[in-house]
Amino acid sequence: MQGLHIHGAAHAYGDNQVLSKISMVVPGGELVCLLGPSGCGKSTLLRLAAGLEILQEGSIVIDDVTVATKELHVPPEQRRIGLMFQDYALFPHLNVIDNVTFGLLGTPKRKARAIAAERLDQVDLADLTEAFPHMLSGGMQQRVALARALAPEPKLLLLDEPFSGLDTNMRASIRQMTLNVLKESGVATLMVTHDPEEAMFMADRIKILGHGGSILQSGDSHEIYYHPNNEFVARLFGFMNTIKGIVQNSMVQTPFGAVPAIGFADGEPAQVLIRPEGILLAAGADNGGVPVEVNSTHLLGHFSVASLKIAKDRNGVQEFFVRVHKEFLPELEGRITARVDPEQCFVFADDGTAPGEPMMDDLNILSSELKTLLSTGLEIADKDGKTAEAAE
Amino acid sequence: MAELSKSFEMECEILDRDHQELMQQIDKIVAVIDGQDGERCANLTPEMIKFAKQHFSREEALLTKVGYPDVEKHAAHHQNLDHKMETILELAAMADANPLAGEKLKSALKFFLADDIIDADLDFKAFVKDQEA
């Protein structure tokens with residue numbers, strides 16, 4: 001099979017076990033993203049695939065050739081891989097075309113320059129072959145690094161946080177161009193990122209790595225986002241409204257009504273996680289939801305965030321954060337009601353380690369959670385468009 | 001016809017035969033998407049999924065028979081593939097008319113076979129081999 005096959009890879013730095021029996025396949029022409037927080041071992045896995053670390057357990061196969069086991073270590077330069085680092089690692093003293101031909105050692109000079117020119121044309125840099133890295137923007141440097149990585153026609157391309165050095169506006173266009181080039185080249189690609197949006201945009205398959213270096217879930221972006229198999233995976237994609245409760249008759253009570261808790265025993269503590277866009281608001285008309293009081297609202301361009309107050313029980317009021325498509329002007333509306341989109345609401349066991357719900361009297365927590373919500377780049381339009389009702 | 005790579009061999013005749021059959025069925029679906037076969041994805045894919053489920057049952061029976069200690073964990077892994085199989089069937093229903101669905105289906109099938117089925121089975125390769133020896 002073309003591509004990468006890692007099976008049972010484990011790695012430790014001294015007593016610190018960073019990867020635990022990791023297995024994965026990246027078929028030819030496909031792009032797999034390793035997504036996880038800092039320190040989860042994702043870059044170590046990339047370095048093992050590259051041959052920059054010695055494999056301690058398991059096996060690594062590239063295009064049907066075993067390149068690493070406990071007893072075997074094929075050096076990086078013999079693995080036919082392309083590498084692209086976060087800082088691009090361009091040679092400052094070489095111009096663009098010489099940076100690209102550097103990876104083609106052993107190829108006759110004329111042929112190497114022809115290949116490099118072709119790759120640079122592919123990334124829209126055909127006019128800048130004589131420029132030096134310091135003369136280029138971050139986006140251009142990224143494209144030079146991509147051209148250099150692809151020039152030797154690698155069997156496997158390894159990308160380590162390739163867009164993290166770019167500003168937000170440039171990132172979107174460079175990401176699209178990179179994806180187009182990779183798909184055109186048909187190379188198997190393993191990419192490491194801590195940015196969920198980036199993983200969802202780029203990957204054919206996302207692998208979530210948790211602390212302790214094990215894979216927690218594996219699937220396409222839809223599956224990971226709409227069917228997270230545990231709390232860690234769900235929270236990785238941004239802020240979650242959290243409601244704790246006890247399962248009764250296979251349901252958990254929330255201020256929005258009862259939510260099914262399939263597979264839970266009665267009496268079991270559970271937590272309901274609802275994405276900010278999973279709370280659907282309606283103005284005027286009854287959408288089957290509960291009346292809510294809007295605490296505040298902020299327009300952030302193509303969406304708004306709002307905080308809601310709902311009477312929780314006799315103990316107080318609970319606050320929820322909502323993301324609404326377009327502008328939301330509750331001050332011009334009458335009665336606002338809210339209901340939960342079941343597709344964006346998840347029930348997990350409450351093992352006591354998860355953070356509790358934000359309460360009105362805890363201003364410090366509210367402020368940090370609002371910051372998290374505001375900084376979340378994800379903007380997922382709801383399926384039935386009803387979150388927009390309140391704004392229209 | 002494509003052969004299973006060496007790194008995917010279980011060295012267990014029943015399982016390797018099943019994996020090979022799945023690969024051949026998937027190759028045929030991919031050929032349909034690429035326009036090299038006159039069949040329809042909507043007909044072939046449910047057959048492949050049916051065979052995959054039969055394979056899961058055969059495999060769980062074999063693991064129980066040889067006393068594999070993590071048989072329940074592996075059965076749970078099979079159950080967790082339900083959602084992926086539903087997605088594959090949904091894409092297959094559209095693939096004959098919608099090229100985007102066809103391309104997504106090809107990608108989903110590659111991962112389903114290599115990553116979700118065979119690579120996961122390799123976890124018990126050594127155990128089964130030892131028991132059968």
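Numbered from 1 within each chain, the chains take letters A, B, ... in sequence-line order. Remember, it's a predicted structure, so these values are computed and weren't measured experimentally.
Interatomic distance, CG of B:Asp119 versus CE of A:Met24, reported as 9.5 Å (0.5 Å rounding). Between the NE2 atom of A:His227 and the OG1 atom of B:Thr87 there is a distance of 7.0 Å, given to the nearest 0.5 Å. Residue B:Leu122 holds its CG atom at 5.5 Å from NE2 of A:His5, rounded to the nearest 0.5 Å. To the nearest 0.5 Å, atoms CG (B:Asn80) and CD (A:Gln217) are separated by 8.5 Å. Of the inter-residue distances, the one linking A:Ile60 atom CD1 with B:Ser7 atom OG reads 12.0 Å to the nearest 0.5 angstrom.
Here the shortest heavy-atom pairing between B:Lys110 and A:Gly28 reads NZ-O, 3.0 Å. Scanning all heavy atoms of the two residues, the minimum distance from B:Phe111 to A:Val25 falls at CE2-O, 3.6 Å. In terms of heavy atoms, B:Asp123 sits closest to A:Ser23 at OD1-OG, 4.5 Å.
Interface remark: A:Asp64 contributes side-chain atoms only to the contact with chain B (heavy atom separation under 4.5 Å). When heavy atoms are compared at a cutoff of 4.5 Å, A:Ser59 does not approach chain B at all.
With chain B as the partner, the residue from A:Glu30, A:Lys21, A:Arg205 showing the most heavy-atom pairs under 4.5 Å is A:Arg205. Most heavy-atom pairs under 4.5 Å with chain B: of the set A:Gly219, A:Gly29, A:Gly8, A:Pro27, this distinction falls to A:Pro27.
With a 6.0 Å radius and a threshold of 12 heavy atoms from other residues, nucleotides or ligands, B:Glu72 has its CD atom at or below the threshold. The number of heavy atoms from other shown groups lying within 6.0 Å of NZ (B:Lys106) is above 12. Within a 6.0 Å radius of CD in B:Glu11, other residues, nucleotides and ligands contribute more than 12 heavy atoms. Atom CD of B:Glu13 is surrounded by 12 or fewer heavy atoms from other residues, nucleotides or ligands within 6.0 Å. Crowding of A:Gln17 atom CD: a count of heavy atoms from other residues, nucleotides or ligands under 6.0 Å exceeding 12.
Judged by distance alone, with hydrogens and angles left aside, the side-chain atoms of B:Lys84 form no donor-acceptor pair with the main-chain N or O of A:Asp220 at under 3.5 Å.
Ring geometry, B:His83 versus A:His222: the interplanar angle falls under 30°, so the pair is classed parallel (tilted spans 30 to 60°).
A salt bridge links B:Asp115 to A:Lys207: one of the charged nitrogens lies within less than 4.0 Å of a carboxylate oxygen.
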